[in-house]
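Below is one structure, written out as structure tokens; comments come after it.
One is the number of the first residue; the rest follow in order along the sequence. The shown structure was predicted, so the numbers you read here are calculated from the model rather than taken from an experiment. First listed ligand is number 1; within each ligand, the first listed atom is number 1. All heavy atoms count here, side chains included; hydrogens, waters and symmetry mates do not.
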Amino acid sequence: MTRMMLFLLQTIDQARAAGGSFMPPQATEIAKEYDSLYAFLLWVSLIACLILIGGMIYFVVKYRRKTANDKTPYISHNTFLEFLWSFIPLVFFLAMFGWGWYLYQQMRTMPENGLEVHVHAKQWQWDFAYKSGKTSSGEFTVPVNTPVKLIMTSSDVIHSFYIPSMRIKQDVIPGRYTAESFNAEKLGDFQIFCAEYCGISHSGMLAKMHVVSQEDYEKWLQENDEGLTLAQKGEKLYNSKGCVACHSVDGSIKVGPSWKGLFGSKQELVSGGTETVDDNYLHNFILNPNAKPVKGFPVGVMPTFQGQLTEEELTALIEYVKSLK
Ligand code: CUA
């Protein structure tokens with residue numbers, strides 16, 4: 001017993017020394033706020049539990065049947081008490097909702113001019129691609145104190161990109177892009193998990209994130225540089241896959257819209273309404289060109305590229321469109 005107590009005390013001591021918490025290290029500002037909210041929920045639950053269970057035990061003992069002649073008094077209700085035990089929890093629940101909503105809002109607002117990193121998931125590995133053309137697998141590097149936006153998709157089943165130290169987790173879904181963002185303010189290596197069961201090696205689908213100084217990041221980007229940026233790879237595909245036949249890159253209209261200035265523009269749909277051209281819009285359009293035809297262009301002319309482009313190639317093509325501002 002004493003040995004166990006000692007072990008427990010040592011564990012608490014180690015946790016204290018490591019940063020004062022049983023939680024994973026806090027690598028972002030949001031992670032700290034997230035933990036405060038979590039602690040609040042835990043303490044409120046604990047206190048409510050003590051009041052409830054403690055009160056119950058107290059009443060069981062105090063009002064137990066003492067003699068065979070004891071009669072249960074008739075009590076119908078107490079309006080004031082009932083109001084209190086409804087109103088006080090309501091205040092706490094609203095506070096939890098408000099606080100949670102405020103934090104979630106911050107976590108889901110993507111940085112406008114952040115560093116974009118593409119994440120490609122497949123059974124059972126994580127691949128990363130940068131605008132510079134740099135790619136890596138199983139690990140990636142980001143500069144400290146820089147807003148980072150991850151644009152993620154999967155080549156097979158649903159995965160989930162989970163960085164415990166950033167307190168962020170987002171499903172990675174085949175056929176579309178999802179995103180998550182963070183601003184790391186701590187140097188170091190951080191573990192990444194897949195948090196959605198995706199087959200036999202799900203538990204081994206790990207990756208490491210290295211948060212380094214801006215200088216080291218630039219250096220890392222230059223190591224094993226393949227020479228072509230993502231956009232240049234996209235330009236190659238633009239020529240080899242035949243996009244060039246119908247789409248100009250100088251603003252002139254051929255069969256389809258020009259790619260110059262396309263990204264971020266608004267497109268009027270035949271079915272009415274408009275859509276903004278973003279990563280997901282282009283991804284959908286290249287694979288399903290006739291799902292949402294655009295006003296002013298012939299319908300049914302563009303062939304689908306389903307099965308002809310890998311997710312990596314789609315990313316490169318979209319980066320090429322992005323570069324033609
Ligand atoms: Cu990928 Cu679990």
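Cluster partners of Tyr63, by chain and number: Tyr58, Phe59. The rule joins Ile, Leu, Val, Met, Phe, Trp and Tyr whenever side-chain heavy atoms lie under 4.5 Å apart.
For atom 2 (Cu) of ligand 1, the nearby protein N/O/S atoms, meaning those under 2.8 Å, are Cys194 SG, Glu196 O, Cys198 SG, His202 ND1.
Side-chain N or O atoms of Thr304 include one that pairs as donor or acceptor with a backbone N or O of Leu287 at under 3.5 Å.
Relative ring orientation between Trp99 and Phe40 is described as tilted, the plane-to-plane angle lying within the 30° to 60° band. Ring pair Phe193/Tyr162 is tilted by interplanar angle, where 30° to 60° counts as tilted.
Legend: side chain to side chain donor-acceptor pair (under 3.5 Å) pairs involving residues 175-185, not counting sequence neighbours, sorted by first then second residue: Lys32-Glu185.
Residues passing the side-chain hydrogen bond (donor to acceptor under 3.5 Å, both in side chains) test with Glu29, sequence neighbours excluded: none.
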